[in-house]
Structure formats: structure tokens, C-alpha cells
Amino acid sequence: MGSHRRITGSPPASALMLTLLCASWVLAAAQNYSAIFNFGDSITDTGNLCTNGRPSQITFTQPPYGETFFGTPTCRCSDGRVVVDFLSDQFGLAFLPPSKSSSADFKQGANMAITGATAMDAPFFRSLGLSDRIWNNGPISFQLQWFQQIATSVCGQSCKSYLANSLFVFGEFGGNDYNAMIFGGYTTEQTKKYTPKIVNTISRGIDKLIAMGATDIVVPGVLPIGCFPIYLTIYQSSNSSDYDDLGCLNKFNDLSTYHNTLLQKRVDIIQSRHRKTARIMYADFYSGVYDMVRNPQNYGFSSVFETCCGSGGGKYNYQNSARCGMQGASACASPAAHLSWDGIHLTEAAYKQITDGWLKGRYCRPPILHS
């Protein structure tokens with residue numbers, strides 16, 4: 001047997017490069033999704049509300065929406081791309097067509113999200129005297145029906161392998177439910193009484209997706225609404241104790257935190273029931289955005305509370321009667337330096353950072369990308 005020389009010290013650069021390339025290849029191979037199916041509201045709507053035209057009274061169908069990436073309004077509530085667009089890029093898929101489109105090719109997925117969507121159905125809001133606060137009917141139950149119709153048209157009765165190789169993003173849901181209650185006069189404490197019902201509805205939706213054949217499901221929580229210009233403007237307070245150390249309104253963030261705590265527990269329960277057949281990922285929308293508020297310099301932001309697009313002026317540059325897309329409203333010179341696009345939704349730059357956190361695991365448990 002020949003002698004062996006022990007090699008010490010650092011490996012050559014070429015070996016390190018080969019190792020990194022192999023690791024990257026393994027990661028990519030494990031994440032070769034053939035389609036993405038998204039559910040939600042205006043945070044990720046890519047055009048469902050506009051499939052029957054673009055009425056001028058809907059502000060996000062007007063410039064300067066879409067200016068950063070598309071150069072024109074696309075019915076996305078941002079200056080450019082949203083989370084599902086970046087996920088599509090990551091996996092080499094086309095941008096998701098809206099599910100209500102009559103001419104789209106859905107083989108690489110579809111987007112059921114629609115602006116104004118709620119978790120709960122219309123009768124729930126009617127029972128609370130809030131029917132006038134729900135202006136668009138696209139709750140979870142409807143979106144699941146839209147998905148079922150699309151799945152049948154794409155894969156017929158043999159959907160198991162197709163759906164098992166697809167990524168599902170279910171939410172966020174709940175934001176518009178809380179908006180309806182709060183703007184309808186409910187206190188946050190009164191609103192919290194309905195959070196278990198909202199979370200139960202979301203969890204039932206996850207169960208239904210699994211029953212249909214979904215295996216990889218991302219479930220985002222709700223955002224820290226107490227840090228958003230719309231809430232900061234409408235509910236400004238002279239009492240400093242109403243705000244946290246960053247300037248966000250405590251009671252609204254407490255509501256979001258309560259929702260997310262219940263949702264995480266339900267996600268864990270669902271995962272425990274389907275440990276061998278599904279991977280349920282909790283995406284922490286709240287922590288991702290809140291860290292941007294706390295450490296804006298880490299993300300290239302110079303402004304976190306001032307709306308980029310609008311004409312409201314003041315500390316937050318938000319006014320409901322002078323919103324982005326309305327006559328006289330204009331966008332800031334550098335949307336990429338702002339967290340908030342229109343006071344309600346985020347900038348493309350923020351959504352890119354959030355997506356990275358979901359993919360790599362900083363704000364997603366477990367991360368979407370895995371070896």
C-alpha cells in the first residue's frame with residue numbers, strides 16, 4: 001500500500017468554489033417548483049381586480065403606480081413588483097396571472113389574491129353591522145373555489161404530482177377583516193374577540209389545500225399595522241404612551257401580534273398532523289417589516305413613516321382624500337429609499353427584502369429554500 005501524505009491548511013480556492021457550486025446546485029435542485037399558487041389581498045394582488053377593466057376611481061390603476069419596474073400601472077398596489085413576483089423570479093417562473101383572467105395560461109401557477117379580500121365571508125360582517133365596510137367579495141372560500149377550477153383545467157383528475165411540485169402562498173389574510181372592524185368603529189379589544197374565528201378560518205383553508213394535494217404551503221402572518229401611515233395619520237395621539245419607542249401605535253401592533261401568535265400555534269398543529277406529507281412554513285411578515293422600521297439603514301431606507309406617493313403632507317404624507325393615484329398626488333424621487341409606498345402598501349424595495357427573508361429563513365420558519 002502506498003504512503004499517504006496528510007494535507008493541512010486551507011483548501012485551494014478552486015476546491016472552495018467547487019464546493020459552493022455543488023451546494024448551490026443541490027439547493028436549486030431541491031427547489032424546482034413547477035408552479036406557484038398565491039392567495040391573499042392587495043398585498044399580493046397582481047391584477048384580479050382589473051380583469052374586467054380599470055375603473056378610474058380605483059387609485060392604483062393610475063400613475064405613478066407601477067413606475068419602478070413595469071413603467072405603467074399593473075393593478076399591483078406598489079411602485080413595482082410584489083412578493084409573489086420575486087418568488088416567481090427565484091424559481092424561474094413567469095409572473096403569476098390573475099386567476100380571473102379568461103385568457104391566461106395557468107400551467108406555471110395563478111394568483112387568486114384580490115384587493116379587499118377578507119378571511120371571513122360576507123355574512124360575518126353583516127352580523128356585525130359592517131356590510132358597508134366590505135366593498136369587494138373575495139374571501140378565502142371564494143379563492144379556494146377559484147383555485148379548484150383552475151387546478152381542474154390545468155391537471156384534470158391527475159393533479160397529485162403537479163400540486164406536490166407547486167409552492168402555495170396562503171395569505172396574508174386578516175388584515176382587511178381588522179380594517180373593516182377598526183374603521184367601522186370597533187376598538188382593538190372588541191376586535192380581538194373575533195381573532196380566533198379569523199384564524200380558524202385561515203387554518204381550515206390550509207387544511208383544504210392539503211386535502212386538494214398541496215404539500216409546500218407558506219402561511220404569512222399580518223403586518224405591524226401600527227407602523228403604517230394610514231393608521232398613524234387617522235389615529236394620531238397626543239399621548240406619548242400610545243406609541244412604542246419607534247413611533248408605532250401600540251394597540252394596533254398588539255392586535256397584529258395577537259393574531260400572529262394564534263396563527264403560529266395553528267400552523268404548528270397542522271404541521272404536526274401532516275409531518276410526513278406536507279411542509280407548512282410560517283412567514284413572519286410582522287418581524288420583517290418591524291425590523292425595517294427599527295433598522296432602516298440596514299435596508300437602504302431613509303424614510304419609514306413618510307409615504308412615498310401621495311399629497312397629504314405632514315409627518316406621514318398621508319391623507320385619505322389625497323391618496324396616491326388621485327389628481328395632484330405625486331411620488332417621491334426615490335421609492336427605493338422608502339418603506340411605505342402609498343401609506344397602506346409597501347415599496348418594491350421592501351417587498352424584495354421581505355421575500356429574501358422568507359426564502360432564506362430569517363423571516364420564515366422553516367425557510368422556503370431548503371437542501
Side-chain angles (χ1 to χ4, degrees), residues 37-52 58 75 77 84 98-101 110-152 168-214 217-223 225 255-256 258-267 269-270 280 283 285 344:
F37 294 97
N38 183 73
F39 303 74
D41 56 22
S42 60
I43 303 296
T44 53
D45 187 354
T46 56
N48 265 325
L49 200 63
C50 300
T51 51
N52 293 320
I58 298 178
C75 231
C77 295
V84 289
S99 61
K100 294 170 77 68
S101 171
N111 192 356
M112 274 56 65
I114 187 166
T115 299
T118 55
M120 307 300 288
D121 289 340
F124 169 79
F125 297 101
R126 192 158 51 244
S127 72
L128 300 181
L130 296 172
S131 294
D132 61 325
R133 295 287 168 177
I134 303 301
W135 58 274
N136 183 36
N137 200 8
I140 285 176
S141 60
F142 281 31
Q143 293 189 31
L144 288 171
Q145 292 175 24
W146 299 341
F147 165 68
Q148 203 158 20
Q149 293 166 0
I150 287 172
T152 301
F168 290 78
V169 183
F170 198 68
E172 59 90 46
F173 283 110
N176 285 322
D177 301 73
Y178 298 130
N179 288 340
M181 285 184 264
I182 292 168
F183 296 144
Y186 281 63
T187 67
T188 52
E189 291 307 310
Q190 289 171 326
T191 300
K192 282 181 181 179
K193 294 178 182 178
Y194 300 99
T195 298
K197 283 188 176 183
I198 292 170
V199 171
N200 285 344
T201 299
I202 296 170
S203 64
R204 286 196 298 270
I206 299 168
D207 284 332
K208 288 178 181 179
L209 280 182
I210 294 172
M212 291 178 194
I217 307 173
V218 178
V219 183
V222 296
L223 296 144
I225 57 176
L255 172 61
S256 294
Y258 179 56
H259 171 101
N260 290 339
T261 299
L262 294 187
L263 182 61
Q264 288 180 72
K265 289 179 180 177
R266 294 307 295 263
V267 166
I269 291 170
I270 296 170
I280 318 298
F285 238 144
I344 307 168

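Quick note: numbers below take in every heavy atom, side chains included, and nothing from hydrogens, waters or symmetry partners.
- When atom types are taken as modelled, the side chain of Y186 and the backbone of A180 share no donor-acceptor pair closer than 3.5 angstrom.
- Residues T195 and H259 share a closest heavy-atom pair of CG2-CA, 3.7 Å.
- Between the side chains of Y178 and T188, not a single donor N or O lies within less than 3.5 Å of an accepting N or O.
- No donor-acceptor pair closer than 3.5 Å links the side chain of S101 to the backbone N or O of P98.
- Between V169 and F39, the closest side-chain pair of non-hydrogen atoms is not below 4.5 Å.
- The two residues T118 and I134 come nearest to each other via the heavy atoms CG2-CD1, 3.8 Å.
- The line from OG of S203 to CG of L262 is 10.5 Å long, rounded to the nearest 0.5 Å.
- The side-chain heavy atoms of D121 and I140, taken from C-beta on, include no pair separated by under 4.5 Å.
- Looking at every heavy atom in both residues, F285 comes nearest to P220 through CD1-CB, 3.9 Å.
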Exercise. Where do L209 and I217 land on the side chain to side chain contact (heavy atoms under 4.5 Å, CB included) test, with the steps shown first?
Worked result: CA-CA 9 Å; L209 280 182; I217 307 173; 4.1 Å; yes
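- Residues V267 and I270 form no side-chain contact, since every pair of their non-hydrogen atoms from C-beta on lies 4.5 Å or further apart.
- When ring centroids are compared, Y194 and F124 come within the 6.0 Å threshold.
- In this structure, N176 contributes its side chain and A117 its backbone to a donor-acceptor pair below 3.5 Å.
- Nearest approach of G138 to W146, heavy atoms of both residues: CA-CH2, 4.1 Å.
- Considering all non-hydrogen atoms of both residues, L144 and G205 come closest at CD1-CA, 4.0 Å.
- Here the straight-line distance linking atom CG of D45 with atom SG of C50 works out to 7.0 Å at 0.5 Å rounding.
- Here the CD1 atom belonging to I43 is positioned 11.0 Å from the CG atom belonging to N38, to the nearest 0.5 angstrom.
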Exercise. Yes or no on side chain to side chain contact (heavy atoms under 4.5 Å, CB included) for T115 and C77, after CA distance, side-chain angles and deciding distance?
Worked result: CA-CA 9 Å; T115 299; C77 295; 4.1 Å; yes
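- Put simply, CZ on R204 and CZ on R266 are 8.5 Å apart, with the number rounded to the nearest 0.5 Å.
- A distance-only check finds a donor-acceptor pair linking the side chain of N200 to the backbone of P196 [under 3.5 Å].
- Pairs passing the salt bridge (Lys or Arg N to Asp or Glu O under 4.0 Å) check and including a residue from residues 127-142, sequence neighbours excluded, do not occur.
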Problem set entry | Steps toward side chain to side chain contact (heavy atoms under 4.5 Å, CB included) verdict (T201, I198) | CA-CA 5 Å; T201 299; I198 292 170; 5.8 Å; no
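- Residues T44 and E172 fail the side-chain proximity criterion, which asks for heavy atoms closer than 4.5 Å.
- Under a 3.5 Å cut-off, the side chain of D177 and the backbone N or O of A119 do form a donor-acceptor pair.
- For K192, the NZ atom is densely surrounded, since the number of other residues' heavy atoms within 6.0 Å is greater than 12.
- Contact of the F168 side chain with the I206 side chain is not registered, since no non-hydrogen atoms from C-beta on lie closer than 4.5 Å.
- Side-chain contact, T46 with N111: a donor N or O sits under 3.5 Å from an acceptor N or O.
- Expressed to the nearest 0.5 Å, how far CD1 of I269 lies from CD of Q264 amounts to 12.0 Å.
- When side chains are defined from C-beta on, M212 counts as touching F147, because their heavy atoms get closer than 4.5 Å.
- Ring pair F170/F37: centre-to-centre distance not below 6.0 Å.
- Put simply, CD1 on I58 and CG on L49 are 4.0 Å apart, with the number rounded to the nearest 0.5 Å.
- Listed here is the closest heavy atom pair of K197 and M120: O-SD, 3.9 Å.
- Between Q143 and F173, some side-chain heavy-atom pair lies under the 4.5 Å cut-off.
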